[in-house]
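A, B, ... follow the sequence lines: proteins, then strands. Residue 1 opens every chain. Because the structure is predicted, anything quoted here is derived from the model rather than measured.
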Amino acid sequence: MDGAADDFTEAVLDLVERIPPGRVMAYGWIAAALGHGGPRRVARVMSAYGGGVPWWRVTTGGGRLPPGHEEEARRRLLSEGAVFRGPRVLMAASGWYPEELPDPRG
DNA sequence: GGAATGACGATAA
DNA sequence: ATTATCGCCATTC
């Protein structure tokens, strides 16, 4: 076991919890915001511990909903006012990024 | 130690 | 738009 692993998990969950309603963040964004790890690492955390946070506000880089939970996530996001474009979320409109951190998009 | 796997991402065809 | 392939990173077998 590794204490640092729990630390990373906690950081991911904390960041996901502060995503505003109707907004979404990508796995890669979260990894970039935390400064280490990777998209797969974040996805693993969500898969295991995402049940305690608004996991539906986390999507793939293209606005794709989490596989196996598309129905659920889509329903929730629509309810929160997220902008959809077919089966995906418009990251340009509903994408969110912590203002206190540098934006990877430039 | 090596192969397989996964709620990913980017690129090529 | 869709499929295929590779890279990434930690976990699991």
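A donor-acceptor pair is defined here as one N or O able to donate and one able to accept, closer than 3.5 Å; such a pair exists between the side chain of A/Ser94 and the backbone of A/Val83. Here the side chain of A/Arg57 pairs no donor or acceptor atom with the backbone of A/Arg23 at under 3.5 angstrom.
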Would A/Tyr27 and A/Arg41 count as a side chain to side chain contact (heavy atoms under 4.5 Å, CB included) if you check the C-alpha gap in whole Å, the side-chain angles of each, and the deciding distance to 0.1 Å?
CA-CA 9 Å; A/Tyr27 298 98; A/Arg41 184 82 190 283; over 6 Å; no
Side chain to side chain contact (heavy atoms under 4.5 Å, CB included) for A/Phe84 and A/Leu65? Distances and angles first, verdict last.
CA-CA 11 Å; A/Phe84 268 78; A/Leu65 274 35; 4.0 Å; yes
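For the pair A/Arg44 CZ and B/dG6 P, the interatomic distance rounds to 9 Å; values are reported in whole Å. We find that CZ of A/Arg41 is positioned 12 Å from P of C/dT12, with the value rounded to whole Å. Rounded to whole Å, the distance from CZ on A/Phe8 to P on C/dC8 is 17 Å. Between the CH2 atom of A/Trp55 and the C1' atom of B/dA7 there is a distance of 9 Å, rounded to whole Å.
Between A/Arg74 and A/Trp56, the closest side-chain pair of non-hydrogen atoms is not below 4.5 Å.
Comparing A/Gly38 and A/Arg88 along DNA chain C, the residue whose closest nucleotide (by nearest heavy atom) sits nearer the 5' end is A/Arg88.
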Between the protein and nucleotides 2-4 of chain B, are there any N/O to N/O pairs under 3.5 Å, and if so, what are the atom names and distances?
none

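Within a 6.0 Å sphere centred on OH of A/Tyr49, other residues, nucleotides and ligands contribute 12 heavy atoms or fewer.
In this structure, A/Thr60 and A/Met91 approach most closely via the heavy-atom pair O-CE, 4.3 Å.
Taking 4.0 Å as the cut-off between side-chain N and carboxylate O, A/Arg75 and A/Glu72 count as a salt-bridged pair.
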Base contacts versus sugar-phosphate-only contacts with protein, heavy atoms under 4.0 Å: please encode nucleotides 8-13 of chain B as B, S and - from 5' to 3'.
BS----
